[in-house]
Amino acid sequence: MAERKRQLVSSELTEAALQLLARKGFDAVTIDEIVATAGVSRRTFFRYFASKEDVVVQFLADMGDGIRAELAARPDDERPSVALRHAVWVPVAACGDHRERVLPVVRLILRTPALRARFLERQAQWSDDLTGEVARRLGRDAGDDMYPRLAAGMALSAFDAVLRRWSESDGAEDPAQLTDRAFAVIAPALDGDGA
């Protein structure tokens with residue numbers, strides 16, 4: 001019960017912060033505004049997050065966990081391009097399904113230098129996680145074989161390109177079609193002789 005309450009408070013704080021940050025801009029929002037909107041104290045905020053940047057980082061961490069978990073769940077005999085496309089599709093689909101809520105947050109991340117830097121930092125961790133999973137799926141050594149790291153990097157570059165294009169189109173372009181187009185470009189490299 002206590003864990004459910006903790007998760008609920010964390011979710012409410014995250015939602016309030018992300019919406020305020022997206023609406024007013026990162027620099028214009030204070031922690032006091034976030035806690036007032038969420039109906040909690042500053043002390044409660046700092047129990048969950050060290051800073052307002054950490055609210056966005058948690059949002060990003062959840063996206064990365066979804067990509068890795070989806071890749072791990074794919075059949076081991078699936079072509080790398082297909083498995084990685086499905087793994088990337090999980091957070092992209094969530095963005096499309098919750099366009100009104102997520103699009104402003106994606107824009108905020110892509111347009112705020114400090115948040116963009118944290119996004120790239122987080123993607124480096126995702127790349128490590130995906131590299132290990134690609135290596136495991138193919139029975140390769142990620143330390144000796146460059147393919148797993150390159151495959152993870154290509155998949156995350158495709159993810160980044162899709163998010164940018166979707167954001168720039170104001171959410172008008174279909175995320176599924178953007179993902180298919182991105183993976184059509186990288187599939188030959190993912191499924192070539194190095195795979």
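Heavy-atom basis, side chains included; hydrogens, waters and symmetry copies ignored.
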Euclidean distance, [Y] [atom2] relative to [X] [atom1], rounded to 0.5 Å:
X	Y	atom1	atom2	value
L138	D76	CG	CG	8.5 Å
L20	T37	CG	OG1	4.0 Å
I109	R122	CD1	CZ	11.5 Å
D174	T179	CG	OG1	8.0 Å
W126	E121	CH2	CD	12.0 Å
L21	E53	CG	CD	9.0 Å

Using only atom types and a distance under 3.5 Å, with no angle test, would you say the side chain of [X] pairs donor to acceptor with the backbone of [Y]?
X	Y	result
Q19	A16	no
S169	W166	yes
R137	L71	yes
K52	A17	no
T44	V40	no
D54	A50	yes
S127	Q123	no

Checking side chain to side chain donor-acceptor pair (under 3.5 Å) for the pair T14/S11: CA distance, chi angles, key distance, verdict? CA-CA 5 Å; T14 300; S11 295; over 6 Å; no
Walk me through it: do Q125 and D129 pass the test side chain to side chain contact (heavy atoms under 4.5 Å, CB included)? CA-CA 6 Å; Q125 179 60 53; D129 294 345; 2.9 Å; yes
Do the side chains of L13 and F26 join up, straight or via other hydrophobic residues, at under 4.5 Å, putting them in one cluster? yes
Report yes or no: do V90 and I186 belong to one cluster of Ile/Leu/Val/Met/Phe/Trp/Tyr joined by side chain heavy-atom distances under 4.5 Å? no
Less than 4.5 Å apart, any side-chain heavy atom of [X] and any of [Y]?
X	Y	value
Y147	V134	yes
L84	M154	no
V82	R85	no
L163	S167	no
S51	F46	no
P91	I67	yes

Can you name the closest pair of heavy atoms from [X] and [Y] and give their distance?
X	Y	answer
R140	D145	CD-OD2, 2.9 Å
E33	V29	OE1-CA, 3.3 Å
T131	A142	CG2-CB, 3.8 Å
L130	R68	CD2-CA, 4.1 Å
D191	P80	OD1-CD, 3.3 Å

Is D160 salt-bridged to R116, cutoff N-O under 4.0 Å? yes
Do NZ/NE/NH1/NH2 and the carboxylate oxygens of E168 and R165 come within less than 4.0 Å? no
I34 and T30: side chain to side chain contact (heavy atoms under 4.5 Å, CB included), yes or no, with the steps? CA-CA 7 Å; I34 294 170; T30 66; over 6 Å; no
The criterion is ring pair (Phe, Tyr, Trp, His ring centres under 6.0 Å); which residues satisfy it with F183, sequence neighbours excluded? none
